[in-house]
Amino acid sequence: MILAKVIGTVWATKKDEKLTGMKLQIVRPVELDYAEKEGFFVAVDVVGAGVGEIVLVCQGSSARQTEPTENRAVDATIMAIVDKLDVVE
Amino acid sequence: MILAKVIGTVWATKKDEKLTGMKLQIVRPVELDYAEKEGFFVAVDVVGAGVGEIVLVCQGSSARQTEPTENRAVDATIMAIVDKLDVVE
Amino acid sequence: MILAKVIGTVWATKKDEKLTGMKLQIVRPVELDYAEKEGFFVAVDVVGAGVGEIVLVCQGSSARQTEPTENRAVDATIMAIVDKLDVVE
Amino acid sequence: MILAKVIGTVWATKKDEKLTGMKLQIVRPVELDYAEKEGFFVAVDVVGAGVGEIVLVCQGSSARQTEPTENRAVDATIMAIVDKLDVVE
Amino acid sequence: MILAKVIGTVWATKKDEKLTGMKLQIVRPVELDYAEKEGFFVAVDVVGAGVGEIVLVCQGSSARQTEPTENRAVDATIMAIVDKLDVVE
């Protein structure tokens, strides 16, 4: 899973019918200190993550292993909101 | 999912039989301000996206989770046309 | 899918038994003007593409969604021969 | 699979319900001499790997092929603790 | 599939139970002239490839499409030993 920050939302009226009601959030990968990295992608949110929150994003076929995303054209899902990290470096 | 712009079309007469009728669009990833990034790839369009439109592309096995692409040799599908982005940076 | 050029063939006598008879072609990604990019990988050909031809390659689990590659250890399949591209840039 | 070092733990109270009880470890890819590379990601641990240990991480749909991770939104799993490497270079 | 050279072996006593007996080989991607590239990863060998041999490695879910790796936490499998390449450049 990737550590990321929710930085926005995608609005799309015309989409595959099975995506109706899915919340499409824009996420940007972050470092261990939550500093933003380059790049972004779009993930479906299944845990109610708001803009600015640090989350875990699951990618690939595993992104469909939540009840809301099952059998849908979703390749990235926000499946956890991060409370904190314990890092030993 | 990846934010991209449709920049063209691939014509291919000789292809796996299950791909007959699939629209093969060339997409180029874009930034949050829709500026084009480097690179491109080919995705099947299932939402009627035209050249120049900003779309979401789903990749991997999830690209087969739409009715037209099911069980087909398709690893990228345009599954939404983007209306707008709300981004907080 | 990736736009690529067939640049050669792999010969491998000793291989997983389900791969018997599969044609293993070496492909190199190309630009929109068919200029060769860096790198290469190996894909199974299911459309009779010859060396020098421009093709589409499907990767991941979708590479197994053709009759010849079904249930086989194949992660890249040439599933179309490109006639031409229409690109608006 | 990727050779990596466990460098920390993610705490996440709010997560997809099927992830309850999963141990979310932060892993950093390492070289053959165990020197840390750049970057990190999060993997579910199914072998009891502690912080500082060198492990193998399996990614993608294969990350769900262990009893604890089956059918869960997990795209990376620590599935082995490395004793040693024999490398001929 | 990726062209690679077997450069070593991973020893791991503590691993997911379904991996018992799997041979975990370290592979390094190579160029068309078999010159070693940067990087390495770990793949399960199902064709008896020895250290120093040039092989094909299949990745992702397709890595589980051999009898020994089926339903196992394996994301890369050595599924062919390369005899030779015919390359036209």
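The chains referred to below are lettered A, B, ... by the order of the sequence lines, with proteins before strands, and numbering in each begins at 1.
At a 4.5 Å heavy-atom cutoff, the contact between Ala76(D) and chain A is made by backbone and side-chain atoms alike. When heavy atoms are compared at a cutoff of 4.5 Å, Arg72(D) approaches chain A solely by way of its backbone atoms N, CA, C and O. Neither the backbone nor the side chain of Val27(D) comes within contact range of chain A, judged by heavy atoms closer than 4.5 Å. Using a 4.5 Å cut-off between heavy atoms, Thr66(A) contacts chain D through both its backbone and its side chain. In this structure, chain D has a heavy atom under 4.5 Å from the side chain of Leu56(A), while its backbone stays farther away.
In this structure, CG in Asn71(D) is found 9.0 Å from CD in Glu70(A), a value given to the nearest 0.5 Å. If you take CG on Asp75(D) and CE on Met79(A), they are separated by 7.5 Å, rounding to the nearest 0.5 Å.
When Ala63(A), Cys58(A), Ala80(A) are compared by the number of non-hydrogen pairs under 4.5 Å with chain D, Cys58(A) comes out ahead. The candidate with the highest count of non-hydrogen atom pairs below 4.5 Å against chain A, out of Val51(D), Val44(D), Ile26(D), is Ile26(D). No other option in Ala43(D), Ala73(D), Ser61(D) has as many heavy-atom pairs under 4.5 Å with chain A as Ala73(D).
Two residues are said to be in side-chain contact when any heavy atoms from C-beta on lie closer than 4.5 Å; Met1(A) and Leu19(D) fail this criterion.
Taking non-hydrogen atoms and a 4.5 Å limit, the residue list of residues 4-18 of chain A in contact with chain D is empty.
The two residues Lys37(A) and Phe40(D) have their closest heavy-atom pair at NZ-CE2, 4.2 Å.
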